[in-house]
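Both counts, for ligands and for their atoms, begin at 1 and track the order of listing. For the numbers below, each heavy atom of this structure counts, side chains included, while hydrogens, waters and symmetry mates do not.
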Amino acid sequence: MARIVMKFGGTSMAGIERIRNVATRVKREVEAGNEVAVVVSAMAGETDRLVGFCREASPLHDPREYDVVVAAGEQVTSGLLAIVLQAMGLPARSWLGWQLPIHTSDAHSSARILGIETEAIRASMAKGEVAVIPGFQGLAEGNRVTTLGRGGSDTSAVAVAAALRADRCDIYTDVDGVYTTDPRIVPRARKLERVTYEEMLELASVGAKVLQTRSVELAMKEKVRVQVLSSFNDAPGTFVVDEDEFGEEAVEHQLITGVAYNRNEAKITVVEVPDRPGAVGSLFGPLAEANVNVDMIVQNIAHDTGNTDVTFTVPRTDLPKSLDVLEKARGDIGYSRLITDDNVAKISVVGVGMRSHAGVAQTMFQALGSRGINIQAITTSEIKVSVLIAEEYTELAVRVLHTAYGLDAA
Ligand code: ADP
Ligand code: ASP
Ligand code: MG
């Protein structure tokens with residue numbers, strides 16, 4: 001007998017028919033003799049709808065009440081799945097975030113899980129009950145409902161698996177695994193049998209939304225065995241594993257494992273910043289204080305005037321806030337003007353093979369250059385190269401790079 005956590009995403013839970021399909025899969029695992037906890041997302045589109053209500057109610061809403069509203073989508077699906085499981089003759093009950101509870105920080109709308117109390121749920125599962133847990137939600141000190149950031153049900157599932165010391169955490173979604181790139185953009189993307197935690201972490205953090213970044217971070221830290229697979233067919237999925245599990249095959253590991261894109265950034269150029277020690281600090285300090293995560297940074301060469309231009313990217317949703325902060329700090333920084341552009345996309349290639357091979361970035365620059373795609377900024381890590389380009393070239397760039405690194409399926 002194994003203890004497993006099964007997580008079902010929004011498309012898998014969209015409507016009663018699909019919830020019946022989910023219940024059939026859960027039943028199969030229970031009948032195979034496993035103890036099962038299920039983590040569910042809200043129905044596809046529901047969280048967006050609830051976010052819309054909050055914005056309509058007031059653009060500057062209380063984040064604590066926002067969490068109360070958006071956590072509701074998962075409450076509905078967890079109750080519905082428990083009802084359907086019971087109707088199929090399986091004992092089941094829902095456990096809302098506050099009932100377990102799932103303790104989180106108080107960073108509303110992007111809270112971190114601090115710990116999960118599992119005594120009650122373990123006792124219930126030991127009696128043969130299926131535990132159904134709404135993803136995405138938790139409870140902060142002071143008894144306030146929190147949510148974990150968009151896509152957060154993946155993180156709930158991995159955290160539940162870690163807390164229950166589950167043998168496996170199966171993430172069921174609308175594609176049958178992790179691919180070399182988003183299969184919706186590149187039909188010739190190939191499914192990966194296995195991907196390392198480290199590569200999955202980089203891929204997720206640069207835009208492959210198949211798993212939320214924090215879920216991969218947590219799986220890596222807690223050594224949770226994660227598998228990504230489809231709720232709509234029985235094809236084998238993708239295992240997320242330790243690099244040493246690749247063993248001998250590591251030698252043959254592809255140079256590049258995947259290509260990802262992200263359209264959620266915006267570019268700011270600060271024109272004519274004095275080229276002196278401390279100037280960059282006076283620019284990024286106030287942004288950090290305002291909780292803006294600056295991503296790519298390019299500092300241009302100094303003009304004859306002793307000034308320099310600094311270009312960087314911020315999350316698109318933080319653009320108004322960033323401009324406000326920079327305007328206020330203008331006296332301290334001493335720049336002449338700000339130029340913004342939210343018509344940008346970040347394209348990244350990721351692979352552990354990069355550690356031992358030179359020329360990876362060059363292949364990228366050449367491939368994009370040959371298609372007339374201009375590169376506006378570059379960042380690299382040990383296993384990743386990212387470039388910023390005009391948004392309209394996103395799909396073309398992803399396809400061109402997928403081919404250039406030999407990733408296309410035959
Ligand atoms: P869920 O609602 O099940 O959590 P998501 O929409 O969050 O599903 O994530 C699945 C989607 O991730 C897929 O439909 C696919 O378009 C997208 N995706 C992006 N990059 C990849 C990739 N490399 N491999 C597989 N899917 C990817
Ligand atoms: N329902 C939430 C969202 O849409 C969480 C999730 O599905 O993972 O972001
Ligand atoms: Mg998701």
Just so I know, are the side chains of D182 and Y261 near enough to count as touching, which here means a heavy-atom distance under 4.5 Å? yes
For V259 and V349, work out which heavy atoms get closest and say how close. CG2-CG1, 4.2 Å
State which residue, out of L203, V387, V206, fulfils the side-chain contact (heavy atoms from CB on, under 4.5 Å) condition with S348. V206
For atom CD of Q86, is the number of surrounding heavy atoms from other residues, nucleotides or ligands below 6.0 Å larger than 12? yes
Is S41 close to ligand 1, meaning an N/O of one under 3.5 Å from an N/O of the other? no
Which of the atoms of ligand 2 are close to R150, meaning less than 4.0 Å from one of its heavy atoms? 3 (C), 4 (O), 9 (O)
Would you say G151 touches ligand 2, if touching means a heavy atom closer than 4.0 Å? yes
Under a 4.0 angstrom heavy-atom cut-off, which atoms of ligand 2 come close to S41? 6 (C), 7 (O), 8 (O)
Measuring from non-hydrogen atoms of G151 to any atom of ligand 1, is the shortest distance under 4.0 Å? no
So is K7 close enough to ligand 1, meaning a heavy atom under 4.0 angstrom away? yes
Do ligand 1 and G10 have nitrogen or oxygen atoms that lie under 3.5 Å from each other? yes
Close approach, G152 and ligand 2, non-hydrogen under 4.0 angstrom: yes
Is there a donor in the side chain of S153 and an acceptor in the side chain of S41, or the other way round, less than 3.5 Å apart? yes
Within the structure, does T180 bring an N/O atom to less than 3.5 angstrom of an N/O atom in ligand 1? no
Tell me the contacting part of T181 for ligand 1: side chain, backbone, both, or neither, using a 4.0 Å heavy-atom threshold, strictly below. backbone
Which is it for E74 and ligand 2 at heavy atoms under 4.0 Å: side chain, backbone, both or neither? side chain
Does an N or O anywhere in K7 fall below 3.5 Å from an N or O of ligand 2? no
Protein heavy-atom partner closest to atom 25 (C) of ligand 1 - residue, atom, separation in Å: G177 O, 3.4 Å
With a 3.5 Å distance limit and no angle check, can you tell me whether R18 reaches the backbone of T11 through a side-chain donor-acceptor pair? yes
Is there a side-chain contact between F365 and I375 (heavy atoms, below 4.5 Å)? yes
Within a 6.0 Å radius of atom CD on Q362, are there more than 12 heavy atoms belonging to other residues, nucleotides or ligands? yes
If we ignore hydrogens and angles and just use 3.5 Å, is the side chain of E289 paired with the main-chain N or O of P286 as donor and acceptor? no
N or O pair under 3.5 Å between T173 and ligand 1: yes
Closer than 4.0 angstrom: is that true for some heavy atom of Q212 and an atom of ligand 2? no
